[in-house]
Amino acid sequence: MNKHLNQLIEIAKNDQAIDSYAPQIEAADKKVNKAQKKVDTVQEEITKLNEEISQNEEKVESFDEQLKMLNEQLASNAKKAKEISTEKEMQALSLEEDIAKEKMTFANEEIERLQGVNETKKALLKEAEEKLNTRNEELTAINEVVNVEKAEIEQAKGELFSKREELTRNLEQKVLAFYEKIRIWAGNTAVVPVKKQACYGCYMKLNDKTYAEVIKAEEIVTCPHCGRILYIERVTPEA
């Protein structure tokens with residue numbers, strides 16, 4: 001077999017081994033992202049509850065201010081009542097008091113309602129905070145496992161990269177550049193075997209002349225259909 005072809009096959013298999021770790025890294029990252037999403041969802045729930053509680057507390061303060069003003073109005077009306085001399089003035093003052101009392105009743109009812117709503121929301125907030133602690137613990141545990149997995153993967157990839165560097169150092173730059181050019185669009189199928197007289201990159205049948213050249217393996221042969229580098233897998237006597 002052509003020396004350069006043999007080297008290309010070895011480099012291609014090494015590159016396939018390097019890239020085979022990509023799905024494992026992606027799966028590990030998905031675990032972390034899934035756990036992080038759970039944390040973020042609970043955190044958003046907590047933020048929303050805190051905002052709603054704060055808004056209700058502001059409304060309660062507003063009603064308290066309103067009650068204060070209405071009480072002052074009733075006190076003022078009580079003083080005015082002593083100075084009233086006509087029935088018409090008495091009726092107008094009485095109407096003001098009735099309206100003020102209605103407003104006070106409504107304000108007190110709203111304060112009671114909002115405080116009740118906030119009690120419920122505070123209970124939900126406590127549950128959410130407990131849930132957040134649990135989710136954060138889960139995220140930490142998953143991160144620890146994933147970090148170990150990724151460290152092992154990076155170590156294995158590092159060894160493969162070292163091997164690749166050694167392989168490419170022994171290969172003519174022109175041949176390496178040719179391989180890398182094909183690899184840009186073909187990825188890990190830049191170098192493929194021929195089986196049943198077909199390219200296992202594009203699965204198109206080779207003509208007899210090209211097939212014969214691939215079998216001889218004296219030169220680097222590319223598929224006339226897709227341009228990938230072709231080779232025949234040699235069967236060992238043991239196999």
Side-chain angles (χ1 to χ4, degrees), residues 1-38 40 138-139 141-239:
M1 182 182 284
N2 179 281
K3 177 187 174 183
H4 296 319
L5 177 59
N6 210 10
Q7 290 172 317
L8 283 176
I9 294 168
E10 199 169 352
I11 290 171
K13 288 182 177 178
N14 192 78
D15 285 340
Q16 287 171 8
I18 291 170
D19 290 347
S20 69
Y21 287 110
Q24 295 179 44
I25 294 171
E26 187 179 345
D29 287 337
K30 277 184 179 178
K31 289 180 189 174
V32 174
N33 292 338
K34 188 176 179 180
Q36 183 64 59
K37 191 174 180 181
K38 288 181 179 179
D40 293 343
E138 289 172 356
L139 177 60
I142 288 170
N143 263 320
E144 288 174 358
V145 172
V146 166
N147 286 338
V148 171
E149 288 177 0
K150 290 175 84 169
E152 291 172 352
I153 289 170
E154 289 305 317
Q155 183 180 348
K157 283 178 70 176
E159 292 170 3
L160 289 169
F161 276 119
S162 297
K163 184 180 177 182
R164 189 185 201 278
E165 189 177 342
E166 184 182 342
L167 290 168
T168 55
R169 194 164 44 240
N170 298 326
L171 184 64
E172 282 187 17
Q173 287 304 303
K174 188 185 289 186
V175 177
L176 178 61
F178 179 62
Y179 164 71
E180 294 291 3
K181 188 177 179 180
I182 297 172
R183 195 165 181 264
I184 289 171
W185 59 266
N188 283 329
T189 63
V191 181
V192 293
V194 172
K195 296 179 182 179
K196 297 179 181 179
Q197 203 173 329
C199 165
Y200 257 51
C202 65
Y203 301 100
M204 296 290 287
K205 188 175 181 180
L206 305 175
N207 59 49
D208 293 340
K209 183 176 179 295
T210 303
Y211 187 48
E213 289 173 353
V214 175
I215 292 172
K216 287 178 184 177
E218 292 175 355
E219 300 292 335
I220 294 173
V221 182
T222 58
C223 174
H225 306 292
C226 67
R228 290 177 173 86
I229 298 167
L230 303 173
Y231 72 95
I232 295 286
E233 290 181 327
R234 303 300 175 185
V235 181
T236 61
E238 290 79 3

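These values consider heavy atoms only, across backbone and side chains, with no hydrogens, waters or symmetry-generated copies. Keep in mind it's a predicted model, so treat the numbers as computed, not measured.
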Worked verdict on Q24 versus Y21 for side chain to side chain contact (heavy atoms under 4.5 Å, CB included): CA-CA 5 Å; Q24 295 179 44; Y21 287 110; 3.7 Å; yes
Straight-line distance of K3 NZ to L171 CG, nearest 0.5 Å: 9.0 Å
So, do Q7 and L176 sit near enough that their side-chain heavy atoms are less than 4.5 Å apart? no
I need the single residue from I229, I9, I220 that forms a side chain to side chain contact (heavy atoms under 4.5 Å, CB included) with H4. Which is it? I220
I'd like to know if E213 and K209 make a salt bridge, using a cut-off of under 4.0 Å between side-chain N and carboxylate O. yes
Is there a side chain to side chain contact (heavy atoms under 4.5 Å, CB included) between I25 and E154? Walk through the geometry before answering. CA-CA 10 Å; I25 294 171; E154 289 305 317; 4.0 Å; yes
Which pair of heavy atoms, one from A35 and one from L139, lies closest together, and at what distance? CB-CD1, 3.7 Å
Rounded to the nearest 0.5 Å, the OH atom of Y179 sits from the OG1 atom of T168 at a distance of 10.5 Å
Can you measure from CG (N147) to CD1 (I142) and round to the nearest 0.5 angstrom? 11.5 Å
Output the distance between atom SG (C226) and atom OH (Y203), rounded to the nearest 0.5 Å. 10.5 Å
Between K163 and E10, is a side chain to side chain contact (heavy atoms under 4.5 Å, CB included) present by the stated rule, with each step listed? CA-CA 10 Å; K163 184 180 177 182; E10 199 169 352; 4.1 Å; yes
Between the side chains of R169 and E165, is the shortest nitrogen-to-carboxylate-oxygen separation below 4.0 Å, so that they form an ion pair? yes
Stepwise side chain to side chain contact (heavy atoms under 4.5 Å, CB included) test for K34 and K30: CA-CA 6 Å; K34 188 176 179 180; K30 277 184 179 178; over 6 Å; no
Nearest heavy-atom approach of Q16 to N188 is NE2-O, 2.9 Å
So, does Q197 use its side chain to make a donor-acceptor pair with the main chain of K205 at under 3.5 Å? no
Could you tell me whether E180 and R164 have a side-chain N and a carboxylate O separated by less than 4.0 Å? yes
Going from CE on M204 to CZ on R228, what distance comes out if it is rounded to the nearest 0.5 angstrom? 12.0 Å
With L230 as partner, the option from T222, L206, V191 fulfilling side chain to side chain contact (heavy atoms under 4.5 Å, CB included) is L206
If you compare all heavy atoms of Y211 against all heavy atoms of V194, which two are closest, and at what distance to 0.1 Å? CE1-CG1, 3.7 Å
Output the distance between atom CG (D29) and atom CD (Q36), rounded to the nearest 0.5 Å. 12.5 Å
List the atom of E149, the atom of A28, and the distance in Å for their closest heavy-atom pair. OE1-CB, 3.9 Å
Between the side chain of N14 and the main-chain N/O of L160, is any donor-acceptor distance below 3.5 Å? yes
